Amino acid sequence: MRVSRLYAPTLRENPAEAEIISHQLMLRAGMMHKVASGIYTYMPLGWRVMKKIMDIIRDEMDKVGGQEICMPVVQPAEIWQESGRWQVYGAELWRVKDRHDRDFCLGPTHEELITSHIRNDVRSYKQLPMLPYQIQVKFRDERRPRFGLMRGREFMMKDMYSFDRDEEALDKTYWQLYQAYSNIFRRCGLNCRPVEADSGAIGGSGSHEFMALSENGESMILYCGSCDYAATDEIAAVEPVGIDQSEALSDVKEVYTPDCMSVDDVAAFLRIAPAKMVKTMCYQADDEVVAVLIRGDRQINEIKLQNILGCCNLVFATEEAVRAVGMEPGFCGPVGINKKIRVIVDTEVPLVVNHGCGAHKKDYHLMNVNYGRDYTADVIADIRMVEVGDACPYCGKPLLGARGIEVGQVFKLHTKYSSALGARYIDENSEEHDMVMGCYGIGVGRTMAAVIEQSNDQYGIIWPMAVAPYQVMILPVNDKDEWLVEQAEVLYKELLDRGVEVIIDDRHERPGVKFNDADLMGFPLRVTFGKKCRETGKVEVKVRASGEVIEVDLVGVADLLLDMIKKSL
RNA sequence: CGGGACGUAGCGCAGUUUGGUAGCGCACCUGCCUUGGGAGCAGGGGGUCGUAGGUUCAAAUCCUGUCGUCCCGACCA
């Protein structure tokens, strides 16, 4: 490629809309254009990177027995109604109608569709496992698209679905994909960490997210510095910590606490630590109101809570709903609570001796309350949001925190979709079983953005060799020097012939402009043809990542470049 | 969906308070000059001021509606 012909409108200044570095650099390097909020055109440089990432993915998918297919973007409503997700999926599901007023949607994911194919095509255990995958555009009408490709409404995603005969086989497939994912992100040059994750609305249990570590990540992860444990803050398990456990139980005392609605108010008013309080929060879980108890200084993890309750909708109960079950908003407590209300208690609460809590009465709290003596729970469970410094659930060492970009996720779906859509097979004994499924996604654009987040400097992008849009840039400093230009052109042709992805900056520009664009676009290797070449026959090879400059004889520079490329792949 | 801000040339912005010929920098085109880190000089092209309506002799500027975009929050395979 010649830069004079390259369709890559570079910008000297950052567009105002871009907040994070990857978004800014992609726009400045002319890799993409915004079309609408969360919808982008990939320009030639951006698309070359996308294709390289996709090829790495294909290679690893094929290695584990995957077979690439391509399913449509538009899907009929029927299969979504069959799985029940037509109702469950909210406004994020982009619904459209055809000219006959029939319902369709733009696929946000393809479990329904692939399962409907497999149920028709696969009947016998002899055909399992089956591992179809695709790299396809997905649509999710996000409430708030953000950060360029990081969270778009239209985005490129690889999704594989596995169909196995039983849990044991699924487990094997799952860990093969887990390993394949580790390979993919390593080959893309990402510093990536798999973490235990919630399986979310897609259902099922057993999931890992692959997190590219980055300050700009949208997810919080907790990990242990001493062992392998790592999890998202959504599910990270925590060990309960006791408070004043040697203290003797005291008698319950009612105290007047005017205008003290929050834990902090009460704790300040009574001069006790918030950790000595227990707060009672009321949630609307589908049709039921539940009371949830947690230590005053802790936060409830609503994902853990929802998983324990097994409900679809979990929201904070309205004041009316709270009053309707006989409680006083702001002064809720577990003692003497309406017996019809389920009480969920965090594992730490029974370990707080002589704690404070609401008295069920406006402007009053109770002191010296104790679990077991004064009240009981329907469920005791870990429903607490993890905090940095909490003990690792495996080895007890303090957990560390980091932010991450979720670039991939592997799920065990079990039989959620196969049973809903009737994907069954016949075993050796002529018995029919639901297939056991898994699904495995990778955000391609997000992976590209994550690479840039992790690999850039003040001058621009620093592409790892494996995903660079071009491996080598040839840069003749002075285009008036015909001899010099000719030497550069000879090398350009030789590299092309030898299969190197090479680009030559043949523009009539001053050197500074060329150097800056080369740095911005981030090509891993740069060969500079300058005065030195005429005087000594040497050119400069500059390594973008390290800044290292090697002076080499023009003769043999192609061999050197091929060698350097090979070593960095 | 709640809160905040912004829509003026491809990009970054000024002009709006106090209505009166639409501007600056970058980019682009021509010429000269320059060629190892976004040079200089001279000339030039490009904008229904998001959009619809209203007030006014006169609207980028004031009023109303509407659309879009971004940020914070809520939400999220």
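Being a predicted model, the structure only gives us computed values, none of them experimental.
Judged by distance alone, with hydrogens and angles left aside, A:Arg28 brings no side-chain donor or acceptor close enough to the base of B:rG12 to form a pair under 3.5 Å. Put simply, the side chain of A:Glu509 and the base of B:rG38 share no donor and acceptor less than 3.5 Å apart. Evaluation of atom-type donor-acceptor distances gives a pair under 3.5 Å for the side chain of A:Arg151 against the base of B:rC76. Checked by distance alone, A:Asp519 brings a side-chain donor or acceptor within 3.5 Å of a matching partner on the base of B:rG37.
Spacing between B:rU66 and B:rG19 at atom C1', rounded to whole Å, works out to 24 Å. Rounded to the nearest Å, the gap between the P atom of B:rA58 and that of B:rC13 is 34 Å. If you take atom P in B:rG47 and the same atom in B:rU8, they sit 15 Å apart, rounded to whole Å. Rounded to whole Å, the separation between the P atoms of B:rU61 and B:rG4 comes to 23 Å. For B:rC41 and B:rC49, the P atoms lie 33 Å apart once the distance is rounded to whole Å. For the C1' atoms, the distance linking B:rG15 with B:rC76 amounts to 42 Å, nearest Å.
Base pairing annotation: B:rC26 forms a Watson-Crick or G-U wobble pair with B:rG10, both donor-acceptor distances under 3.5 Å. With a 3.5 Å ceiling on both atom-pair distances, B:rU16 lacks any Watson-Crick or G-U wobble partner. Using the Watson-Crick or G-U wobble rule with both distances under 3.5 Å, B:rG31 pairs with B:rC41. In this entry B:rA5 has B:rU69 as its Watson-Crick or G-U wobble partner, both defining distances falling under 3.5 Å.
Heavy-atom contacts from other residues, nucleotides or ligands closer than 6.0 Å to OH of A:Tyr459 number 12 or fewer.
Distances from the side chain of A:Asp479 to the nucleotides B:rU35, B:rG38, B:rC72 place B:rU35 closest. The side chain of A:Lys480 lies closest to B:rU34 when the candidates are B:rC72, B:rU34, B:rG38. Of the candidates B:rU34, B:rA74, B:rC76, the closest approach to any side-chain atom of A:His508 belongs to B:rU34. With B:rG36, B:rC11, B:rC72 as the choices, the nucleotide that has an atom nearest any side-chain atom of A:Thr528 turns out to be B:rG36. Minimum atom distance to the side chain of A:Arg12 is reached by B:rG38, of the listed B:rG37, B:rG38, B:rC72.
For B:rC70, the OP1/OP2 oxygens have a side-chain nitrogen or oxygen of A:Lys34 closer than 4.0 Å. The side chain of A:Ser37 places an N or O atom within less than 4.0 Å of a non-bridging phosphate oxygen (OP1 or OP2) of B:rC70. Close to B:rC71, at under 4.0 Å from its OP1 or OP2, lies no side-chain N or O of A:Arg146. OP1 and OP2 of B:rG40 both lie 4.0 Å or more from every side-chain N or O belonging to A:Arg510. Close to B:rG36, at under 4.0 Å from its OP1 or OP2, lies a side-chain N or O of A:Lys531.
One can place CZ of A:Phe529 at 17 Å from C1' of B:rU35, the figure rounded to the nearest angstrom. Nucleotide B:rU69 holds its P atom 17 Å from the CZ atom of A:Arg143, rounded to whole Å.
Rounded to the nearest 0.5 angstrom, A:Ile21 CD1 and A:Glu215 CD are separated by 13.0 Å.
With the nearest nucleotide of RNA chain B identified for both A:Arg153 and A:Val477, A:Val477 has the one nearer the 5' end.
A:Tyr470 carries A:Arg48 over the face of its six-membered ring, with the cationic atom under 6.0 Å from the centre and within 45° of the normal.
Side-chain contact of A:Gln409 with A:Ser207: a donor-acceptor pair under 3.5 Å is present, judged by distance alone. Judged purely by distance below 3.5 Å, without hydrogens or angles, the side chains of A:His414 and A:Glu167 pair a donor atom with an acceptor atom.
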Quiz prompt | ring pair (Phe, Tyr, Trp, His ring centres under 6.0 Å) assessment of A:Tyr440 paired with A:Tyr133 | solution = CA-CA 9 Å; A:Tyr440 316 89; A:Tyr133 75 95; over 10 Å; no

